[in-house]
Amino acid sequence: MIKIVIAEDHLVVLNGVKLLLESQSDLEVIDQGANGNEVLEIMSKGNIPDVLITDINMADMDGLELISKVKVEYPTVRIIVLSMLNNLQHVLQAFKNGANGYLVKNVGYEEMLYAIRHVAKGGQFISEEIGGIMLDTLQKSPSAFLNIEQIMEKMGLSEREMEVLELIGEGYTNMQIADKLFLSKRTVEGHRQNLLEKTGVKNTAALIKYAIRTGLMQ
């Protein structure tokens with residue numbers, strides 16, 4: 001029996017995943033949490049799973065931070081990201097933090113079940129969609145994976161600033177970004193200003209052009 005804990009703050013997604021997993025004789029959802037803090041509290045009480053399935057965007061403690069903490073405190077737990085985010089920055093950061101698998105939320109049932117069983121046995125897995133994006137990126141720019149991390153380090157960009165940059169590139173307003181990342185509008189404005197200062201550009205349009213030119217954005 002593979003014991004599973006789910007970190008997910010959207011009830012529709014949570015209930016759908018639970019329904020699928022609980023229909024399988026070898027999978028058992030032993031607990032759930034709406035954010036990283038809740039999951040860590042669950043584990044601190046001895047309810048430790050074989051596999052943790054976590055979203056990335058969650059209030060209080062997001063999935064990337066949760067992955068890092070779980071890998072330090074519970075190194076035997078295997079971790080799969082299940083997110084609507086399919087950009088390479090998040091994928092690479094998730095694996096760097098200690099994830100063992102990455103799925104997008106439009107993944108098929110069979111692929112999800114295979115991924116869970118494969119990761120539980122010690123393997124690694126990325127969904128077909130992510131694999132396609134990675135292959136396409138490598139074909140266009142073989143150094144793209146290294147460039148993103150090197151540029152972030154050189155410019156001193158944080159993971160949160162990268163998230164804000166990505167949403168700016170998708171056309172979201174400060175308020176919309178604040179809602180998506182569970183931040184205040186003022187905090188988002190601060191991140192936007194930091195991005196302008198660190199990249200040395202004067203406005204949002206120039207910021208987006210710079211990010212695309214340097215490989216920070218796809």
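Below, all heavy atoms of this structure are taken into account, side chains as well, without hydrogens, waters or symmetry copies.
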* Show your reasoning for whether side chain to side chain contact (heavy atoms under 4.5 Å, CB included) applies to I116 and R78. => CA-CA 9 Å; I116 293 171; R78 308 289 290 172; over 6 Å; no
* Asked: Is there a side chain to side chain contact (heavy atoms under 4.5 Å, CB included) between E129 and N106 once you walk through the steps?
  -> CA-CA 9 Å; E129 178 177 328; N106 62 357; 3.1 Å; yes
* **Steps toward side chain to side chain contact (heavy atoms under 4.5 Å, CB included) verdict (L113, L21)** => CA-CA 8 Å; L113 293 173; L21 302 186; 4.0 Å; yes
* Apply side chain to side chain contact (heavy atoms under 4.5 Å, CB included) to the pair D179 and Y172, showing each step before the final yes or no. => CA-CA 10 Å; D179 290 340; Y172 289 101; over 6 Å; no
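The list of ring pair (Phe, Tyr, Trp, His ring centres under 6.0 Å) pairs with a residue in residues 112-131, not counting sequence neighbours, reads Y114-H118, Y114-F125.
Enclosure of atom CD in E197 by more than 12 non-hydrogen atoms of other residues, nucleotides or ligands within 6.0 angstrom is indicated. The environment of K71 atom NZ is dense: over 12 non-hydrogen atoms of other residues, nucleotides or ligands sit within 6.0 angstrom. Few gaps surround CZ on F182; more than 12 heavy atoms of other groups in view lie less than 6.0 Å from it. Around CD of E128, the count of heavy atoms belonging to other residues, nucleotides or ligands within 6.0 Å does not exceed 12.
The minimum heavy-atom distance between T187 and S184, with the atom names listed, is OG1-OG, 2.8 Å. Taking both residues in full, the closest heavy atoms of T54 and G63 are given as OG1-CA, 3.8 Å, listed atom of the first, atom of the second, then distance. The two atoms that bring Y102 and I56 nearest to each other are OH-CD1, 3.4 Å, heavy atoms only. The two residues L207 and I168 have their closest heavy-atom pair at CD2-CD1, 4.3 Å. The two residues G169 and I208 come nearest to each other via the heavy atoms CA-CD1, 4.0 Å. Nearest heavy atoms, R160 versus H191: CG-NE2, 3.3 Å.
Considering N86, L82, V81, I126 as possible partners of L103, the one that fulfils the side chain to side chain contact (heavy atoms under 4.5 Å, CB included) test is L82.
Side-chain contact check for D50 versus I4: every heavy-atom pair is 4.5 Å or farther apart. Residues I53 and M112 fail the side-chain proximity criterion, which asks for heavy atoms closer than 4.5 Å. Put simply, the side chain of L181 reaches to within 4.5 Å of the side chain of E163, judged on heavy atoms. Using a 4.5 Å heavy-atom threshold, the side chains of M162 and H90 count as separate. Residues V77 and V51 fail the side-chain proximity criterion, which asks for heavy atoms closer than 4.5 Å.
Between atom CE of residue M43 and atom NZ of residue K69 there is a gap of 13.0 Å, rounded to the nearest 0.5 Å. For the atom pair L20 CG and L27 CG, the distance stands at 8.0 Å (nearest 0.5 Å). The line from CD of Q93 to OG of S68 is 7.5 Å long, rounded to the nearest 0.5 Å. The OH atom of Y74 sits 5.5 Å away from atom OG of S44, with the distance rounded to the nearest 0.5 Å. Interatomic distance, CD of Q124 versus CD1 of I80, reported as 11.0 Å (0.5 Å rounding). Distance CG/N57 to CG/D55: 6.5 Å, rounded to 0.5 Å.
Under a 4.0 Å N-O distance rule, the pair K180/E170 does not qualify as a salt bridge. The pair R192-E189 fails the salt-bridge criterion, with no side-chain N (NZ, NE, NH1 or NH2) lying under 4.0 Å from an Asp/Glu carboxylate O. In summary, K198 and E161 engage in a salt bridge, as defined by a charged side-chain N under 4.0 Å from a carboxylate O.
At distances below 3.5 Å, not a single donor-acceptor pair connects side-chain atoms of E65 with backbone N or O atoms of D62. A donor-acceptor contact shorter than 3.5 Å links the side chain of N15 to the backbone of L11.
Cluster membership for I48 and I6, using ILVMFWY side-chain heavy atoms within less than 4.5 angstrom, is not shared. Note on V107 and V91: separate hydrophobic clusters, where clusters join Ile, Leu, Val, Met, Phe, Trp and Tyr whose side-chain heavy atoms are under 4.5 Å apart, directly or indirectly. At a threshold of 4.5 Å between side-chain heavy atoms, the hydrophobic network of Ile, Leu, Val, Met, Phe, Trp and Tyr places I79 and V119 in two separate groups. Hydrophobic clustering, with ILVMFWY side chains joined whenever heavy atoms are under 4.5 angstrom apart, keeps L66 apart from V13. The same ILVMFWY cluster, assembled from side-chain heavy atoms under 4.5 Å apart, contains both V17 and I2.
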Side-chain donor/acceptor pairs under 3.5 Å, residues 29-38, sequence neighbours excluded:
| residue | atom | partner | partner atom | Å |
| --- | --- | --- | --- | --- |
| D31 | OD2 | N47 | ND2 | 3.2 |
| Q32 | OE1 | K18 | NZ | 2.8 |
| N35 | OD1 | N37 | N | 3.0 |
| N35 | OD1 | E38 | N | 3.0 |
| N35 | ND2 | D60 | OD2 | 3.2 |
| E38 | OE1 | A34 | N | 2.8 |

